[in-house]
There are 2 protein chains.
Amino acid sequence: MTTEQSKSEISRARILDAAAKTFRQKGYAATTLIEIARAADMQAGSLYYHFGSKDELLEEVLDIGMRRVHEAVEESQEHLPPGSSHRDRIRAAVEAHLTTLLKLDDYTSANIRIFGQIPEDVRRRHIRLRDAYAELWRRILVKAQKSRALRSDIDLGLVRMLLMGALNWSVEWYQPGRTSIQTMADHMCLMLFSGIGIDEPARSSEDETVA
Amino acid sequence: MTTEQSKSEISRARILDAAAKTFRQKGYAATTLIEIARAADMQAGSLYYHFGSKDELLEEVLDIGMRRVHEAVEESQEHLPPGSSHRDRIRAAVEAHLTTLLKLDDYTSANIRIFGQIPEDVRRRHIRLRDAYAELWRRILVKAQKSRALRSDIDLGLVRMLLMGALNWSVEWYQPGRTSIQTMADHMCLMLFSGIGIDEPARSSEDETVA
DNA sequence: ATATGTTTCGAACGCATGTTAGATTTTAGA
DNA sequence: TCTAAAATCTAACATGCGTTCGAAACATAT
């Protein structure tokens with residue numbers, strides 16, 4: 001009994017992996033069930049033993065991707081060394097998000113890449129997980145601001161959007177090996193906290209004007 | 001003669017507008033020539049009097065979108081008041097990019113949204129314009145860094161990517177009316193130059209540690 | 001070894017799409 | 001008004017897609 005279920009579950013997982021990978025590469029509409037089936041060593045018709053439709057398959061890929069990054073960031077907050085500052089907390093969250101997105105997780109990267117172009121009803125059903133993840137970040141930032149680790153004169157909602165943009169866009173250009181994920185997280189937090197401008201304590205001359 | 005050409009050009013423009021709008025909304029593969037034709041008050045077959053194929057139509061939409069944002073940022077640099085600092089220059093570039101992306105320009109936003117999921121040969125032919133635009137930003141940032149307006153210990157390439165991400169991602173969430181584009185540009189540059197962390201001159205107690 | 005349930009195959013269907021080409025309408029100049 | 005070119009329509013095509021379903025292959029327990 002246990003092995004029968006496991007056989008089916010193995011196939012399911014193989015299909016989902018293939019779907020996530022292909023969705024991520026080509027987008028949803030451009031991806032064919034034939035391609036997914038081939039990548040999963042099956043025939044297209046066989047997919048329907050495990051999934052009711054292409055939309056259903058998409059839905060599960062999206063959900064898994066969002067759940068993974070959510071859990072990764074959540075765990076990053078729980079496993080912090082005691083006495084960590086809010087900067088440390090945010091830095092850990094940034095690294096967890098980036099790592100999930102860029103390190104072998106086709107589900108999360110597929111989610112980020114294709115979310116903008118999926119059927120409306122799928123989006124409507126998936127949006128809850130997205131909102132929950134946004135809420136997780138909101139809480140992290142609000143706590144930091146209330147503890148005076150962040151300026152009080154900034155719109156946290158806007159900062160969150162810009163931060164998410166910088167993080168998520170990496171899926172469009174990142175190539176493993178060129179820059180380490182840690183380096184990216186460092187730069188990200190440097191930008192976020194201290195900025196990359198020079199403090200220019202001697203702001204007197206016209207050094208900064210255009211030559 | 002002049003009016004005949006103009007008639008054809010008007011239709012061409014109407015088709016391109018419709019294509020950009022629909023591509024932006026639904027993505028490339030999910031967009032039907034029937035939809036584009038209907039939005040342009042034509043029949044699907046009539047499109048072929050103006051364009052050789054769906055790919056060709058896509059190609060032109062992408063090119064126009066990239067050229068527009070390129071020109072907008074270029075002009076923002078030329079029309080700066082004399083004596084502007086490098087911060088001002090970068091701020092102007094950010095605002096120009098955002099304005100083009102978010103203000104009624106379906107071409108640029110279509111380009112940003114769907115670039116990741118287009119046929120390979122179209123991408124190969126379009127990549128030059130993308131590179132040219134990246135080079136424009138690179139020059140702006142390098143000049144700023146050489147003039148000591150930016151730290152010297154940062155990877156400008158990485159900063160450019162993160163900055164582009166924060167900017168481009170806005171197309172996924174921005175809603176006119178909620179936040180003005182100017183406000184966004186301000187926050188963007190605040191983050192970029194000064195950061196949103198508190199300088200904490202009195203770094204003594206454990207205020208920042210987790211409660 | 002047989003029987004039962006599980007998983008996959010293979011072929012087919014209906015439908016929508018990109019594309020084509022000839023007929024038709026519209027436009028502009030003589 | 002007549003005509004030729006330009007622009008659009010209309011209907012059809014080939015193709016590829018998501019999906020269905022009965023048959024085949026496989027696995028498991030008696």
Side-chain angles (χ1 to χ4, degrees), chain A residues 1-23 25-62 110 114 117-123 125, chain B residues 1-23 25-62 110 114 117-122:
Chain A
M1 265 307 186
T2 53
T3 41
E4 292 162 30
Q5 286 182 355
S6 137
K7 167 86 184 289
S8 175
E9 280 169 16
I10 287 173
S11 290
R12 244 184 97 90
R14 214 173 56 233
I15 294 170
L16 284 169
D17 284 350
K21 192 172 186 174
T22 320
F23 284 157
Q25 281 175 350
K26 307 202 170 185
Y28 174 64
T31 292
T32 273
L33 288 186
I34 296 175
E35 288 178 283
I36 295 177
R38 181 170 22 193
D41 273 315
M42 299 182 79
Q43 295 297 109
S46 309
L47 301 178
Y48 283 81
Y49 178 79
H50 302 276
F51 299 94
S53 67
K54 191 187 177 188
D55 276 21
E56 216 174 274
L57 187 47
L58 168 67
E59 215 171 315
E60 194 144 345
V61 168
L62 291 177
I114 73 181
Q117 293 128 6
I118 58 177
E120 266 211 34
D121 46 321
V122 179
R123 181 197 268 97
R125 243 168 288 132
Chain B
M1 266 304 185
T2 54
T3 42
E4 293 161 30
Q5 286 182 352
S6 138
K7 167 83 184 292
S8 175
E9 282 168 13
I10 288 173
S11 291
R12 245 184 96 89
R14 216 172 57 234
I15 295 171
L16 283 169
D17 284 351
K21 192 172 186 174
T22 320
F23 284 157
Q25 282 175 350
K26 307 203 169 184
Y28 174 63
T31 292
T32 275
L33 288 185
I34 296 174
E35 288 178 282
I36 296 178
R38 182 170 21 193
D41 274 315
M42 298 181 80
Q43 295 297 112
S46 308
L47 301 178
Y48 284 80
Y49 179 78
H50 300 277
F51 299 94
S53 69
K54 192 187 177 189
D55 276 20
E56 215 173 278
L57 187 48
L58 168 67
E59 215 171 315
E60 193 143 345
V61 168
L62 291 177
I114 73 181
Q117 292 129 6
I118 58 177
E120 267 211 32
D121 45 322
V122 179

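Quick note: numbers below take in every heavy atom, side chains included, and nothing from hydrogens, waters or symmetry partners. Residue numbering restarts at 1 for every chain, and letters A, B, ... go by the order of the sequence lines.
B/Ile10 has its CD1 atom 13 Å from the C1' atom of C/dT27, to the nearest Å. Computed from coordinates, the A/Phe23 CZ to D/dG18 P distance equals 9 Å when rounded to whole Å. Put simply, CD1 on A/Ile34 is 13 Å from C1' on C/dA11, counting in whole angstrom units. Between A/Tyr28 atom OH and D/dG18 atom P there is a gap of 8 Å when expressed in whole angstrom units. In this entry the distance linking CZ of A/Arg38 with C1' of C/dC9 reads 16 Å, nearest Å. Rounded to a whole Å, the CD atom of A/Gln43 is 9 Å from the C1' atom of C/dT8. Following rounding to the nearest Å, B/Lys26 (NZ) and C/dA16 (P) show an atom-to-atom distance of 14 Å. A/Leu33 has its CG atom 16 Å from the C1' atom of C/dT8, to the nearest Å.
Applying the 4.0 Å criterion to OP1 and OP2 of C/dT6, one finds that A/Ser8 has every side-chain N and O outside that range. The phosphate of C/dT8 has OP1 or OP2 within less than 4.0 Å of a side-chain N or O from A/Ser11.
Within the 4.5 Å cutoff, side-chain heavy atoms of A/Leu58 are placed close to those of A/Ile114. You'll find the side chain of A/Phe51 reaches within 4.5 Å of the side chain of A/Leu16, heavy atoms only. Proximity of B/Tyr28 to A/Gln117: side-chain heavy atoms (C-beta onward) are nowhere separated by under 4.5 Å. Side-chain atoms of B/Asp55 and B/Asp121, non-hydrogen and from C-beta on, do get closer than 4.5 Å to each other.
For DNA chain C, the residues of residues 45-55 of chain B within the heavy-atom distance limit of 4.0 Å (strictly under) are B/Gly45, B/Tyr48, B/Ser53, B/Lys54, sorted by number.
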